[in-house]
Amino acid sequence: AQTVTQSQPEMSVQEAETVTLSCTYDTSENNYYLFWYKQPPSRQMILVIRQEAYKQQNATENRFSVNFQKAAKSFSLKISDSQLGDTAMYFCALHTNSGYALNFGKGTSLLVTP
Amino acid sequence: SAVISQKPSRDICQRGTSLTIQCQVDSQVTMMFWYRQQPGQSLTLIATANQGSEATYESGFVIDKFPISRPNLTFSTLTVSNMSPEDSSIYLCSVVPQPGQKNTEAFFGQGTRLTVV
C-alpha cells in the first residue's frame with residue numbers, strides 16, 4: 001500500500017515571491033511516479049509536474065520545480081515568482097507500475113495575494 | 001494526451017434516487033478510473049473501470065451502490081444509486097493514456113458536483 005502525506009492544509013504567499021509545498025510518501029515498491037496536481041476553483045485537475053523515481057535529477061517546469069529526496073521519501077514543490085493564477089488546491093500524488101491509479105495527499109490550499 | 005468530457009457538471013438530486021455520470025474520452029484508453037472527492041477532502045479511488053468486464057472496486061465501495069459500465073475504450077458511466085446526503089461529493093473520471101510508458105500522466109474530466117437533498 002502507498003500513502004501520501006501533505007502536512008500543510010493552507011499556505012499563503014505574496015505575488016512574485018517563492019513558496020514551497022511539502023509532501024512525504026511511503027511505498028514499498030522501487031518503481032513509482034510522483035506528481036503534483038493543481039485544482040483551481042473550476043475543479044479541473046491539472047498536472048503541474050511529475051517525477052520518475054528512478055531519475056535522480058529533480059524535475060523542473062518553468063516556475064515549478066521539485067526537491068525529490070528518495071531516501072527521505074520527500075517530494076516538495078517549489079513555486080517561484082508566484083502569480084495570482086497559482087491560487088488553487090495542490091495535491092501530491094503517487095502511483096506505482098503495479099497500478100496506475102493515483103494515491104493522493106489531502107492537499108494544500110495555496111492563496112497568492114497581491 | 002486525452003480530452004475528457006464528463007456530464008453532468010453538476011446536479012441536485014433527491015435522496016433515494018440514482019444519478020448516472022458519463023465520461024467520454026476523445027481517444028481509446030485502457031486505463032480508466034473513477035474518483036470521489038468529498039467536500040474539502042482529497043480524491044479517493046472508487047474503482048477501475050475495465051472494458052468488457054466488471055469494474056474493480058476499492059475497499060469501502062461496492063457494485064450495488066456504484067455500478068460502473070465500460071462498453072468500449074472511449075466511454076464509461078458511474079451510477080450513484082439510492083443516494084443519501086452522504087453521497088454529496090465531486091465525482092471525477094480519469095484516464096491514463098499511456099500506461100507502461102515513461103509518461104504516465106493521468107487526465108481528468110471536469111468533475112460532477114453532486115448534491116443530495
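Proteins come first, then strands; the chains are lettered A, B, ... in the order of their sequence lines, and each starts at number 1.
Under the 4.5 Å side-chain heavy-atom criterion for Ile, Leu, Val, Met, Phe, Trp and Tyr, L21(A) and V66(A) are members of the same hydrophobic cluster. Under the 4.5 Å side-chain heavy-atom criterion for ILVMFWY residues, no single connected hydrophobic cluster contains both L111(A) and L84(A). A single hydrophobic cluster is not seen to contain both L47(A) and L34(A); linkage of ILVMFWY side chains at heavy-atom distances under 4.5 Å, directly or through other members, places them apart.
Remark: side-chain polar atoms of S42(B) are not paired, donor with acceptor, to backbone N or O of G107(A) under 3.5 angstrom. The main-chain N or O of L102(A) is found under 3.5 Å from a side-chain atom of Y35(B) such that the two form a donor-acceptor pair. With R43(A) contributing its side chain and S9(B) its backbone, the two residues share a donor-acceptor pair below 3.5 Å. Although no hydrogens or angles enter the test, the distance criterion places a donor-acceptor pair under 3.5 Å between the side chain of Y37(A) and the main chain of A106(B). Side-chain N or O atoms of E105(B) include none that pairs as donor or acceptor with a backbone N or O of R50(A) at under 3.5 Å.
Put simply, the side chain of M45(A) reaches to within 4.5 Å of the side chain of L43(B), judged on heavy atoms.
Atom NZ of K70(A) is surrounded by more than 12 heavy atoms from other residues, nucleotides or ligands within 6.0 Å. Sparse packing is recorded around NZ of K78(A), with 12 or fewer heavy atoms of other residues, nucleotides or ligands lying under 6.0 Å away. Shown here is I12(B), whose CD1 atom has no more than 12 heavy atoms of other residues, nucleotides or ligands within 6.0 Å. Atom CZ of R15(B) has 12 or fewer neighbouring heavy atoms from other residues, nucleotides or ligands inside a 6.0 Å radius. K73(A) NZ: more than 12 foreign heavy atoms inside a 6.0 Å radius.
To the nearest 0.5 Å, the span separating CG on L92(B) from CD on Q44(A) amounts to 8.5 Å. Summarising the geometry, atom OG1 belonging to T44(B) is positioned 9.5 Å from atom CG belonging to N103(A); distances are rounded to the nearest 0.5 Å.
Here the shortest heavy-atom pairing between Y100(A) and M31(B) reads CD1-CE, 3.9 Å.
Looking at L45(B), the atoms closer than 4.5 Å to chain A (heavy atoms on both sides) all sit in the side chain, from C-beta outward. In this structure, the portion of Q37(B) lying under 4.5 Å from any heavy atom of chain A is its side chain and not its backbone. No part of Q6(A) comes within reach of chain B, as not one of its non-hydrogen atoms sits under 4.5 angstrom from that chain.
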